[in-house]
Amino acid sequence: MTERVAIILAAGISKRMHTELPKVLHEVCGRPMLAYVLDACREVGIEKIYVVVGFGNEQIKERFNKAVDIVWIQQKEQRGTAHAVSCCRQYLKDFQGQTLVLCGDGPLIRASTLKTLIKKHDEGQPAATLATAILDEPAGYGRIIRDENGNIKAIVEHTDCTQSQLEINEVNPSYYLFNNQILFDAVQNIKPDNVKNEFYLTDAVAHIIETDHKVLAVTAVRTDEARGVNSRAQLTEANKIMQRRIQQKLMDNGVTIVDPDNTWIDIKAQIGQDTVIEPFTYIHGDVKIGKACRIGPFAYLRHGTVLGDDVILGVFAEVKNSTLADGVRARHNLYIGDAAVGHNVNLGAGSITANFDGENVNRTNIGDDCYIGSGVVLIAPLELKSGTHIGAGKTVSQKSIDKSEKND
Ligand code: UD1
Ligand code: CA
C-alpha cells in the first residue's frame, strides 16, 4: 500500500484577521479551525501530519499538545506557501509515498472529498492531483487555468490574474495530493515572480506540467467546503456553514430544532432523539443532552452540562458544568453551576446555585425528588438529601441545613 503523509500549512501571520491569536486557533462552532483539518486527515487514515507553524507557534503547539501524530515544523519567515512546504524537506526528502497538502485555514473540509482526491490520484497515477471547486463569487481565490482539452495548465492567484482570468469561476481550495519526490523537486524550483513576491505552492502545478509530469484537477469540492478563512467576515461565514451541518446531522438523528437560524449548537454537543430545541438556545462546548428533553426558548447550556432524559430546561435557564438527572424540571430564570441534581427534582423560578464565594468555585449536590421553591439561593458547597423540600424565597447554606436537621 502507498504510504501517505500530510502537510498542513498554518504559519501565516493572518494580517487580514487583525488578531494576536494565530488564525488557525480561531474557533468554528467551538473548535479551532486547525482541529477540523487534522481530523479530516485522520479520517482518511493519515498517521503522520506535518504542521508548519510560525506566527504564534507556541500557542498552537500548546493547544494541540496531546496529539501524538503531529510533527511540528517551524517556518521562521513567512515567505509563501511553497516556502512553507519546503520547510518540511529535512523530514520528507527521502519519503517515497504521497503527500497531501492542505491549509490550516480551511475548516470546512470534508474527509469524503479527500477520499475522492485519493481515489482519483490512485486511479490516474499522476504526479499531482488537486481538487477544485466552482464558486459563483471566486474573488480572492487562485483560478484554475485549463487548456482547450480541459487539462489543467496552471493556477493563477487572484492578484496576478488578467481581466479574462478573473472571469474564471473554477478555483483552488488548496486540497492537493502530490507524489512526494516530485513535490519537493518542484518547490525547490519556484520563483517569487508575482505581485506579493512570495513563493507560491500554486506555481508547483505549472512547474510539474512543464517538467513533463501529469497533473489532474478534479472538480470535487462542494461550494460549502471550498471557503478558506482570511478575514473575520469569512470566519463568520464558515461558522454559519458549519452550524448548518451540525444542525442537519442532529435533525437527521431525530432532534427537533424549531428555528435553526436562531439556535446555536457547538460541534461537541450530543443530543438525544426526540429532544426539542426551542428558539434562541445556545449550546456551548461539551454538552450532553438526553432523549425527549425540552430545551429553551432562550436557554444557555455551557461546557460540562449533562442532562438525562425527559429534562425540561425553560426560558432563561443557564446551566454550567452540572449534571441534571432524568425528569428534572427547571422552567424559568435560573442558574445552575457546578451542581449534581438528582432525578425528578423541581427547581423553581429564579432559583440559583451560588457556586462562587469570591475565591473558590464550590459544588452543590441535590438528591432525588427534591423540591426547590421559587427564588431559592443555594449557597455552595451544599449537600441536599433526597426528598428535601425548600420553600420559596429561602437562602440555604450547609450550616442552615445542618441546624434545621438538628432541630428536627
Ligand atoms: C491560498 C492559495 C490560493 C487558494 C486559497 C484557498 C497560494 C499561493 N494560494 O491563498 O490559490 O485559492 O489558498 O483558500 O497558495 N501559510 C504558511 N506560510 C506562508 C504563507 C502561508 O504556512 O509563508 C499558510 C497560511 O497560514 C494559511 C495557508 O498557508 O493557512 C494559505 O495561506 P494564505 O495566505 O491564507 O493563502 P490564500 O491567499 O488564502
Ligand atoms: Ca487562506
Side-chain angles (χ1 to χ4, degrees), residues 6-17 19 21-26 28 32-38 49-57 59-60 72-88 101-109 113 128 130-135 137-145 152 154-161 165-166 168-176 178 183 186-187 190-207 217 221 223-235 237-238:
I7 297 176
I8 300 177
L9 310 179
I13 303 168
S14 18
K15 267 194 218 126
R16 292 164 280 187
M17 290 282 281
T19 177
L21 184 72
K23 178 163 67 173
V24 296
L25 290 189
H26 282 261
V28 169
M33 287 197 255
L34 180 58
Y36 291 94
V37 188
L38 288 165
I49 307 171
Y50 296 82
V51 183
V52 184
V53 288
F55 174 75
N57 69 86
Q59 273 170 284
I60 302 174
W72 298 104
I73 306 288
Q74 194 68 28
Q75 184 192 23
K76 289 204 183 80
E77 229 186 308
Q78 280 67 60
R79 303 180 65 194
T81 43
H83 179 258
V85 168
S86 62
C87 292
C88 306
V101 182
L102 302 168
C103 293
D105 65 355
L108 297 169
I109 191 163
T113 308
L130 46 123
T132 72
I134 309 285
L135 294 186
E137 290 173 22
Y141 292 89
R143 305 299 207 282
I144 305 295
I145 314 295
I152 183 163
I155 302 173
V156 179
E157 287 307 291
H158 182 93
T159 40
D160 298 301
C161 277
Q165 287 170 337
L166 286 175
I168 298 171
N169 60 2
E170 186 176 18
V171 303
N172 167 36
S174 289
Y175 296 15
Y176 321 81
F178 291 95
L183 169 65
V187 290
I190 285 168
K191 308 251 165 352
D193 295 336
N194 50 61
V195 173
K196 290 193 182 161
N197 195 29
E198 284 186 2
F199 295 89
Y200 284 162
L201 179 60
T202 42
D203 288 344
V205 170
H207 182 270
V221 182
T223 330
D224 76 343
E225 62 174 313
R227 305 194 178 278
V229 174
N230 293 330
S231 65
R232 302 275 177 169
Q234 287 172 339
L235 180 66
E237 206 44 51

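Order of listing sets the numbers, starting from 1, for every ligand and every atom in it. In what follows, residues are counted from 1 in the order of the sequence shown.
- Residue Y200 has at least one heavy-atom neighbour below 4.0 Å for each of these atoms of ligand 1: 8 (C).
- Using a 4.0 Å cut-off between heavy atoms, Q75 contacts ligand 1 through its side chain alone, with no backbone atom that close.
- Contacts with ligand 1 closer than 4.0 Å are made by backbone heavy atoms (N, CA, C, O) of A10 only, the side chain lying farther away.
- At a threshold of 4.5 Å between non-hydrogen side-chain atoms, the residues W72 and N57 do not count as touching.
- At least one N or O atom of G142 sits closer than 3.5 Å to an N or O atom of ligand 1.
- More than 12 heavy-atom neighbours from other residues, nucleotides or ligands sit within 6.0 angstrom of CD on Q74.
- The closest approach between a heavy atom of G106 and any atom of ligand 1 is not below 4.0 Å.
- Here F178 pairs with Y176 under the ring-ring contact (aromatic ring centres under 6.0 Å, His included) rule; sequence neighbours left out.
- With a 4.0 Å cut-off on non-hydrogen atoms, A11 touches ligand 1 through its backbone as well as its side chain.
- Heavy atoms of K23 approach ligand 1 to within less than 4.0 angstrom.
- The two atoms that bring V52 and A84 nearest to each other are CG2-O, 3.6 Å, heavy atoms only.
- Rounded to the nearest 0.5 angstrom, S174 OG and I109 CD1 are separated by 10.0 Å.
- Among all protein heavy atoms, the one lying closest to atom 1 (C) of ligand 1 is S174 OG, 3.9 Å.
- The option from G80, A84, A226 that lies nearest to atom 23 (O) of ligand 1, judged by heavy atoms, is G80.
- Between the side chain of R79 and the backbone N or O of F199, no donor-acceptor pair lies under 3.5 Å.
- Minimum heavy-atom separation, V229 to A238: CG2-CB, 3.8 Å.
- The minimum heavy-atom distance between C161 and L166, with the atom names listed, is CB-CD2, 3.5 Å.
- In terms of polar-atom proximity, defined here as any N/O pair under 3.5 Å, R79 does make such a contact with ligand 1.
- The protein non-hydrogen atom at the shortest distance from atom 16 (N) of ligand 1 is G12 N, 3.9 Å.
- When hydrogens are left out, the protein atom nearest atom 35 (O) of ligand 1 is D105 OD2, 3.1 Å; that is the closest non-hydrogen contact.
- For atom 6 (C) of ligand 1, the nearest non-hydrogen atom of the protein is N172 O, 3.4 Å.
- The side-chain heavy atoms of Q75 and H83, taken from C-beta on, include a pair separated by under 4.5 Å.
- Counting heavy atoms from C-beta outward, L38 and V51 have side chains that approach closer than 4.5 Å.
- The side-chain heavy atoms of D160 and Q165, taken from C-beta on, include no pair separated by under 4.5 Å.
- Considering only non-hydrogen protein atoms, atom 31 (C) of ligand 1 sits nearest to C103 SG, 3.6 Å.
- Under the 4.5 Å side-chain criterion, counting only non-hydrogen atoms from C-beta, Y200 is not in contact with I155.
- Of the protein's non-hydrogen atoms, the one nearest atom 7 (C) of ligand 1 is T81 OG1, 3.5 Å.
- Ligand-side atoms of ligand 1 in range of G104: 30 (O), range being under 4.0 angstrom from any heavy atom.
- Considering only residues two or more places apart in sequence or on other chains, T113 meets the side chain to side chain donor-acceptor pair (under 3.5 Å) condition with E225.
- At a 4.0 Å cut-off, at least one heavy atom of R16 sits close enough to ligand 1 to count as contact.
- Counting all heavy atoms, side chain and backbone alike, P173 lies closest to A226 at CB-O, 3.9 Å.
- Take a cut-off of 3.0 Å around the Ca ion (ligand 2): the protein N, O or S atoms inside it are D105 OD2, N230 OD1.
- Scanning for side chain to side chain donor-acceptor pair (under 3.5 Å) contacts around E170 gives T132, R146, T219, with sequence neighbours left out.
- For atom 9 (N) of ligand 1, the closest non-hydrogen atom on the protein side is E157 OE1, 3.0 Å.
- Ranking protein heavy atoms by distance to atom 24 (C) of ligand 1, first place goes to L9 CB, 3.6 Å.
- Residue Q59 comes nearest to L21 through the heavy atom pair NE2-CD1, 3.5 Å, listed as atom of the first residue, atom of the second, then distance.
- For H83, the heavy-atom gap to ligand 1 stays at 4.0 angstrom or more.
- In this structure, N230 counts as a contact residue of ligand 1, since one of its heavy atoms falls inside 4.0 Å of the ligand.
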